Student: 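Attaching a single structure in structure tokens format; questions to follow.
Here the structure is a predicted model, which is why all the values come from computation and not from measurement. Values reported hereafter were calculated over all heavy atoms of this structure, with side chains retained and with hydrogens, waters and symmetry mates removed.
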Amino acid sequence: MIYHYGLTIREGRELLGLTQAQLAEKWPQSGGGTGVSLNYVSDVERGIKNITDLKTLRLLCKILEIPLWKVGLSDFNPFNPYSISPFEVNQYGIIKLTDCAIDRISDYKNCLLDAKGDCFISGTSMIHLSEDSSEILKDKLLYGKVHLLILNPDWIKYHYILLSFIENEEDKKIFHYEIRNSIRKIIQFRKSLPIELRERLHLKTYHTVFPYIITGFENDTDGKIVFEITDYIPEKNRPRFTVQKTSDNNAIYAQVKRKFFSLWHNKSVTEELNA
């Protein structure tokens, strides 16, 4: 049997002792209101029809008391961002959890826009995919230091086989050119800065596997990180976390920040980018 969400919906309905007719009366509609035909419920449970509206699917899970993870959804609800209680958010520091690629760049960019304090970034695509990236970085340097980790292009030229998140073999082989271009842009940007700001921009390359894409910041009271764990696997919809700084040194924010600076201070696999 091939799994589909209808099996989980039927299981939830039966656990609550509801008939298909009773569920049909309670079934949420995307435009508001409730009620669908008995045949529609039957078709969904048999996998003949799919629920394409995520808001409807979330409401249905609430009615049937189905954990969201069982239908591939996270506890973060984009239709109601404050649906997670403050205790649940602050316990782990999670502000947002999603695997949607649509707002990927905006998540990283917004974190940088919010930054007041020292920033730390691994991965160059986050700062070069918007036309105003240079102005954003310049603004951040007014508030603190920026630490930027960039994959060493010479290293990846000979280890391109690791880039399993790139499907095309030829694209893997030339990926190091993209990195070199990013380095060229960031060096040009640094040279254009006033001396007092130039000294706050710290650049390093690393030549090892570091499966984290990170944009974060910290000051005396606040901090936030947006990150993905790539694991160098061909996964297009990787979970992406937005987490806030908490007082817990073992919380997600603190752990991810430690991983970044652990690599930063490891002289055996990093080197200053001074060109």
Student: Angle between ring planes, F210 versus Y212, binned at 30° and 60°: parallel, tilted or perpendicular?
Tutor: tilted
Student: Side-chain contact test, heavy atoms from C-beta onward, threshold under 4.5 Å: evaluate it for T205 versus I179 and give yes or no.
Tutor: no
Student: Check whether F227 and L263 end up in the same hydrophobic cluster, where Ile, Leu, Val, Met, Phe, Trp and Tyr are linked by side-chain heavy atoms less than 4.5 Å apart.
Tutor: yes
Student: Decide side chain to side chain contact (heavy atoms under 4.5 Å, CB included) for K138 and L197; before the verdict, give the C-alpha distance in whole Å, the side-chain angles of both, and the deciding distance to 0.1 Å.
Tutor: CA-CA 8 Å; K138 187 175 181 179; L197 297 185; 4.2 Å; yes
Student: Verify, without hydrogens or angle tests, whether K140 (side chain) and L112 (backbone) share a donor-acceptor contact under 3.5 angstrom.
Tutor: yes
Student: Measure the CG-OH distance between N152 and Y158 for me, rounded to the nearest 0.5 Å.
Tutor: 11.0 Å
Student: As an exercise, state the distance from CG of L97 to CD1 of I252, rounded to the nearest 0.5 Å.
Tutor: 9.0 Å
Student: Side chain to side chain contact (heavy atoms under 4.5 Å, CB included) between L201 and F189: does it pass, once the steps are laid out?
Tutor: CA-CA 10 Å; L201 180 58; F189 166 71; 3.9 Å; yes
Student: Without swapping roles, check the side chain of R200 against the backbone of L142 for a donor-acceptor pair under 3.5 Å.
Tutor: yes
Student: Would you kindly confirm whether L203 and I183 end up in one hydrophobic cluster when ILVMFWY residues are joined by side chain heavy atoms under 4.5 Å apart?
Tutor: yes
Student: Decide, yes or no, whether a salt bridge links E170 with K173 under the criterion of side-chain N to carboxylate O below 4.0 Å.
Tutor: yes
Student: Would you name the heavy atoms of A254 and N249 that are closest together and state the gap between them?
Tutor: CB-O, 3.2 Å
Student: Taking all non-hydrogen atoms of both residues, which atom of D220 and which atom of K245 are closest, and how far apart?
Tutor: O-NZ, 3.8 Å
Student: Which residue in the set H176, R180, H207, H159 passes side-chain hydrogen bond (donor to acceptor under 3.5 Å, both in side chains) when paired with D154?
Tutor: R180
Student: For K116, look at atom NZ and say whether over 12 heavy atoms of other residues, nucleotides or ligands are found less than 6.0 Å away.
Tutor: yes
Student: Does F261 have its ring centroid less than 6.0 Å away from the ring centroid of F120?
Tutor: yes
Student: For the residue pair F217 and K224, establish whether any side-chain heavy-atom pair is separated by less than 4.5 Å.
Tutor: yes
Student: Between Q29 and V36 (side chain of the first, backbone of the second, donor and acceptor by atom type, cut-off under 3.5 Å), is there such a pair?
Tutor: no
Student: Does Y108 reach the side chain of I121, with side-chain heavy atoms less than 4.5 Å apart?
Tutor: no
Student: So if you build clusters from Ile, Leu, Val, Met, Phe, Trp, Tyr with side-chain heavy-atom gaps below 4.5 Å, do I187 and L151 land together?
Tutor: yes
Student: Taking Q255 for the side chain and N250 for the main chain, is one N or O donor matched with an acceptor at less than 3.5 Å?
Tutor: yes
Student: Using every non-hydrogen atom in the two residues, find where L18 and R13 come nearest and quote the distance to one decimal.
Tutor: O-NH1, 2.9 Å
Student: Under the criterion side chain to side chain contact (heavy atoms under 4.5 Å, CB included), I'd like the reasoning laid out for L148 against L273: C-alpha separation, chi angles, the key distance, then a yes or no.
Tutor: CA-CA 10 Å; L148 176 58; L273 191 56; over 6 Å; no
Student: Less than 4.5 Å apart, side chain to side chain, heavy atoms only: is that true for K259 and I214?
Tutor: no
Student: Minimum heavy-atom separation for L141 to L193, with atom names?
Tutor: CD1-CD1, 3.6 Å
Student: When rounded to the nearest 0.5 angstrom, what distance separates OG in S42 from CG in L23?
Tutor: 11.5 Å
Student: If I take atom CD from residue Q244 and atom NZ from residue K96, how far apart are they, to the nearest 0.5 angstrom?
Tutor: 14.5 Å
Student: Would you call L7 and E11 a side-chain contact if the rule is heavy atoms closer than 4.5 Å?
Tutor: no
Student: Give me the atom names and distance for the closest heavy-atom approach of N219 to G117.
Tutor: CB-CA, 4.1 Å
Student: Does the D43 side chain pair with the main chain of I48, one donor and one acceptor, at a distance under 3.5 Å?
Tutor: no
Student: With a 6.0 Å cut-off on the ring centroids, do Y40 and W27 count as close?
Tutor: yes
Student: Applying side chain to side chain contact (heavy atoms under 4.5 Å, CB included) to D118 and E218, what does each step give before you reach the verdict?
Tutor: CA-CA 6 Å; D118 292 339; E218 183 177 41; 5.7 Å; no
Student: When rounded to the nearest 0.5 angstrom, what distance separates CD in E25 from OG1 in T19?
Tutor: 7.5 Å
Student: Measuring only between side-chain heavy atoms, which start at C-beta, is Y253 closer than 4.5 Å to T246?
Tutor: no
Student: Before giving the answer on side-chain hydrogen bond (donor to acceptor under 3.5 Å, both in side chains), spell out for N50 and T52 the whole-Å C-alpha distance, their side-chain angles and the decisive distance to 0.1 Å.
Tutor: CA-CA 6 Å; N50 296 317; T52 57; over 6 Å; no
Student: Given side chains that start at C-beta, do those of C111 and T242 come closer than 4.5 Å, heavy atoms only?
Tutor: no
Student: Looking at CZ of R198 and OG of S192, how far apart are the two atoms once the value is rounded to the nearest 0.5 Å?
Tutor: 8.0 Å
Student: Using modelled atom types only, decide if a donor and an acceptor are shared between the side chain of T270 and the backbone of N266 within a distance under 3.5 Å.
Tutor: yes
Student: Do W264 and V209 belong to the same hydrophobic cluster, where Ile, Leu, Val, Met, Phe, Trp and Tyr are linked whenever their side-chain heavy atoms lie under 4.5 Å apart, directly or via other members?
Tutor: yes
Student: Quick one: do I66 and L16 end up in the same hydrophobic cluster if we chain Ile, Leu, Val, Met, Phe, Trp and Tyr together by side-chain heavy atoms under 4.5 Å apart?
Tutor: yes
Student: Under a 4.5 Å cut-off applied to non-hydrogen side-chain atoms, are L137 and I186 in contact?
Tutor: yes
Student: Measure from NZ or CZ of K172 to the centre of the six-membered ring of Y160, then state whether that distance is under 6.0 Å and the direction lies within 45° of the axis.
Tutor: no
